[in-house]
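Written out below as structure tokens is the structure these notes cover.
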Amino acid sequence: MTEQDDSEREFDLRWADNAEHKEPSARARMLAARWKENPPAPQPFRADPGPRAPRRSSWVSTLVVFGCVAGLIALIGYLNYRSSY
């Protein structure tokens with residue numbers, strides 16, 4: 001390939017962007033073919049949220065984290081205490 005200067009390259013990109021017909025992407029062609037036989041059901045703009053599990057209290061989460069940290073500190077202290085003998 002020959003080297004093109006920037007002005008020629010910009011002309012080529014501008015020409016390609018201004019093309020009248022652009023071929024659809026492979027995904028768009030696949031969806032069009034699929035929807036021709038079996039069109040999708042209409043969907044609301046935002047679907048209703050499904051049932052949610054009840055949220056845990058923030059205190060419960062905080063206690064779980066602090067309990068894990070305290071257990072880890074106790075385990076490390078116990079291991080250091082045993083290794084000193």
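Since this is a predicted model, take the numbers as computed values, not measurements.
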Holding to side-chain contact (heavy atoms from CB on, under 4.5 Å), I want the full list of residues that pass it with Ile76, two or more places apart in sequence or in another chain. Leu72, Asn80
According to side-chain contact (heavy atoms from CB on, under 4.5 Å), who are the partners of Ser25, at least two apart in sequence or on a separate chain? Arg27, Ala28
Hydrophobic side-chain clustering at under 4.5 Å (ILVMFWY, transitive links): who's grouped with Leu63? Put none if nobody. none
Taking ILVMFWY side chains as joined if any heavy atoms are under 4.5 angstrom apart, and letting links pass through other members, which residues group with Leu31? Met30, Trp35
Residues which pass salt bridge (charged side-chain N to carboxylate O under 4.0 Å, His left out) with Arg34, listed by chain and number, not counting sequence neighbours: none
Those residues at least two apart in sequence (or on a different chain) that pass salt bridge (charged side-chain N to carboxylate O under 4.0 Å, His left out) with Glu37 are none
